[in-house]
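These notes are about the structure you will find just below.
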Amino acid sequence: QVQLVESGGGLVQAGGSLKLSCTASGATFSRYNMGWFRQPPGKEREFVAAITWHGSSTIYADSVKGRFTISRDNVKNTVYVQMNSLKPEDTAVYYCAASAVLTSREDLYSHWGQGTQVTVSS
């Protein structure tokens, strides 16, 4: 089992930046591909970005491509998402999750964090 804890959320103005972190414990973090998802208010949870266990491959949702960057540090057992040029529509609860594969499919992620709120004001 792996436990995931997100941090770094908060309130930011449109055009600003935030960097979210997700720290893992309880299992070998480096064995997992990691993803970020988000759930906007009143909407379904959606895929944001994912990275392979070795960090060499990434995938992004079209809505964040060019603005968000996912990365990881296997020594620190942490995955990050750097979010730039934030828009009000990026407002959501952001979750990190662990998977055996690199995928945007939510159902293929076996472990989830509790989420962190990101609010982008206009």
Side-chain angles (χ1 to χ4, degrees):
Q1 293 288 333
V2 59
Q3 291 80 46
L4 303 172
V5 179
E6 301 95 336
S7 61
L11 174 64
V12 63
Q13 288 188 332
S17 298
L18 275 178
K19 187 174 185 178
L20 305 183
S21 301
C22 171
T23 301
S25 62
T28 305
F29 172 74
S30 60
R31 293 179 180 174
Y32 289 94
N33 300 285
M34 298 297 297
W36 285 96
F37 290 77
R38 66 186 183 186
Q39 187 166 19
K43 297 184 179 180
E44 297 291 316
R45 189 156 57 186
E46 62 186 24
F47 171 75
V48 173
I51 188 167
T52 50
W53 65 270
H54 42 76
S56 61
S57 295
T58 57
I59 53 175
Y60 294 92
D62 287 344
S63 59
V64 306
K65 203 170 292 183
R67 299 188 298 123
F68 289 14
T69 303
I70 189 171
S71 61
R72 67 188 295 160
D73 184 336
N74 287 343
V75 174
K76 295 181 178 180
N77 286 355
T78 301
V79 61
Y80 307 95
V81 60
Q82 175 68 47
M83 306 185 296
N84 298 329
S85 303
L86 283 162
K87 306 174 182 180
E89 51 264 43
D90 294 318
T91 294
V93 177
Y94 283 72
Y95 300 88
C96 68
S99 174
V101 297
L102 181 68
T103 182
S104 61
R105 286 179 50 181
E106 182 176 341
D107 62 319
L108 295 182
Y109 284 81
S110 55
H111 300 84
W112 292 83
Q114 84 290 347
T116 186
Q117 177 70 46
V118 172
T119 303
V120 184
S121 63
S122 57

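Within the structure, ring pair (Phe, Tyr, Trp, His ring centres under 6.0 Å) contacts touching residues 2-57 (residues at least two apart or in different chains) are Tyr32-His111, Phe37-Phe47, Phe37-Tyr109, Phe37-Trp112. A ring pair (Phe, Tyr, Trp, His ring centres under 6.0 Å) check over residues 61-99, counting only residues at least two apart or in different chains, returns nothing.
For Ser122 against Ala14, the heavy-atom pair with the smallest separation is CA-CB, 4.3 Å. When every heavy atom of Ala98 is checked against every heavy atom of Leu4, the shortest pair comes out as N-CD1, 3.9 Å. For Cys22 against Met34, the heavy-atom pair with the smallest separation is SG-CE, 4.4 Å. Closest heavy-atom contact between Asn84 and Ser17: OD1-OG, 2.9 Å. Residues Ser21 and Thr78 share a closest heavy-atom pair of CB-CG2, 4.1 Å.
Cluster annotation: Ile59 and Ile51 are assigned to distinct hydrophobic clusters (Ile/Leu/Val/Met/Phe/Trp/Tyr, side-chain heavy-atom contacts under 4.5 Å, transitive). Note on Val81: it does not cluster hydrophobically with Val93, by side-chain heavy-atom contacts below 4.5 Å among ILVMFWY residues.
Other cluster members for Leu11: none, since no ILVMFWY side-chain heavy atom sits under 4.5 Å from it.
Rounding to the nearest 0.5 angstrom, the gap separating the OG atom in Ser121 from the CD atom in Gln13 is 5.0 Å. Rounded to the nearest 0.5 Å, atoms CD (Gln117) and CD (Gln39) are 10.5 Å apart. Interatomic distance, Gln1 CD to Ser110 OG, rounded to the nearest 0.5 Å: 8.0 Å. With values rounded to the nearest 0.5 angstrom, Arg67 atom CZ is found 9.5 Å from Met83 atom CE. Taking CD1 of Ile70 as the reference point, atom CG of Leu20 lies at 10.5 Å (rounded to 0.5 Å). Here the CZ atom belonging to Arg31 is positioned 12.0 Å from the CG atom belonging to Asn74, to the nearest 0.5 angstrom.
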**Request:** Test Thr23 against Asn77 for side chain to side chain donor-acceptor pair (under 3.5 Å), laying out the working first.
**Result:** CA-CA 6 Å; Thr23 301; Asn77 286 355; over 6 Å; no

### Task
Could you give me the CA-CA distance, side-chain angles and deciding distance for Thr91 and Thr119, then say whether side chain to side chain donor-acceptor pair (under 3.5 Å) is met?
CA-CA 5 Å; Thr91 294; Thr119 303; 5.2 Å; no

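With sequence neighbours excluded, the residues forming a side-chain contact (heavy atoms from CB on, under 4.5 Å) with Val101 are Ser99, Thr103, Leu108, listed by chain and number. Listed by chain and residue number, nothing satisfies the side chain to side chain donor-acceptor pair (under 3.5 Å) test with Ser57 (two or more places apart in sequence, or in another chain). In terms of the salt bridge (charged side-chain N to carboxylate O under 4.0 Å, His left out) criterion, residue partners of Arg38 (sequence neighbours excluded) are, by chain and number, Glu46, Asp90.
Applying the 6.0 Å contact sphere to NZ of Lys43 captures no more than 12 heavy atoms from other residues, nucleotides or ligands.
The shortest distance between side-chain heavy atoms of Pro40 and Glu89 does not fall below 4.5 Å.
When atom types are taken as modelled, the side chain of Arg72 and the backbone of Gly55 share no donor-acceptor pair closer than 3.5 angstrom.
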